[in-house]
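For this chain, numbers begin at 1 and follow the sequence in order.
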Amino acid sequence: MKEALAESGARPAAPAMEEIIDSYGREIWYLCLMYLKDRHLAEDAFQIALTRVWEKLDTFQGKSTLKTWIMQIAANTCRNMLRTGWYRLLKKTGPEEMLFDQAAKDDTEKREVRQAVLQLPVKYREIILLYYFQGFKIHEIASALGIREGTVSTRLKRARALLAQELKGGVEA
């Protein structure tokens, strides 16, 4: 990957993007899907995010890992889409099976957890997604979202409490 990134030119080489997509494509897609809760919007966000990565790859400074930088672009793309008036007009209450191919194959408990995560407010959902589903550490999440580590820790704690409350049927833990 380093050789492809080091090539000169206005745009990164195609092999570098292919490697990025192979390495991180599934995670980017899943992040977009969980953020937006709509397959078609997630596809759009995925493509926009990869286009931005391709356009800005030569400006990557290495202050974080490449994965963190790419996920930051994807998260920002999704946040921008959530802010649009168009998104607010869409009906976002489709069955979970439409969002996830494996949902029908998963056991009930996994579906309940996934559904509870989808019901979280965005600021908590993004932390859960990055921490548990993407395996990011707190400092990586802080870097990806442009917030302080203490804020990430607080949101993670609150998100866990909300999930515990939701999964126990609304009873405080």
Point-to-point distance, once rounded to the nearest 0.5 Å, from CG of L31 to CD1 of I73: 12.0 Å
Using a 3.5 Å distance criterion without hydrogens, assess whether the side chain of T59 forms a donor-acceptor pair with backbone atoms of K56. yes
Test side-chain contact (heavy atoms from CB on, under 4.5 Å) applied to A161 - qualifying residues, sequence neighbours left out: none
Out of curiosity, L82 CG to K37 NZ, how far, rounded to the nearest 0.5 Å? 9.0 Å
Check residues 41-50 and write down every donor-acceptor pair under 3.5 Å in which the side-chain atom is one partner and the other belongs to a residue at least two apart or another chain.
none

Going by ring pair (Phe, Tyr, Trp, His ring centres under 6.0 Å), name the residues that satisfy it together with F133, two or more places apart in sequence or in a different chain. Y30
Side chains of L130 and V152, heavy atoms from C-beta outward: is any pair under 4.5 Å? no
Which pairs with one or both residues in residues 135-154 pass side-chain hydrogen bond (donor to acceptor under 3.5 Å, both in side chains), sequence neighbours excluded? none
L163 side chain near V113 side chain, heavy-atom distance below 4.5 Å: no
CG-CD1 distance between L118 and I128, expressed to the nearest 0.5 angstrom: 12.0 Å
Looking only at heavy atoms, what is the nearest atom pair of M34 and R125, with distance? O-NE, 3.0 Å
Which residues pass the side-chain contact (heavy atoms from CB on, under 4.5 Å) test with K157, sequence neighbours left out? none
Taking the side chain as every heavy atom from C-beta outward, state whether R155 and I147 have any pair of such atoms under 4.5 Å apart. yes
Between Y124 and R160, is any side-chain donor less than 3.5 angstrom from a side-chain acceptor? no
Shortest non-hydrogen contact between A74 and I28, atoms and distance: CB-CG2, 4.0 Å
What side-chain hydrogen bond (donor to acceptor under 3.5 Å, both in side chains) pairs are there with at least one residue in residues 66-78, not counting sequence neighbours? E27-K67, R52-T77, T65-T68, N76-R79
If every non-hydrogen atom of Q119 is compared with every non-hydrogen atom of Q115, which pair is closest and at what distance? NE2-NE2, 2.7 Å
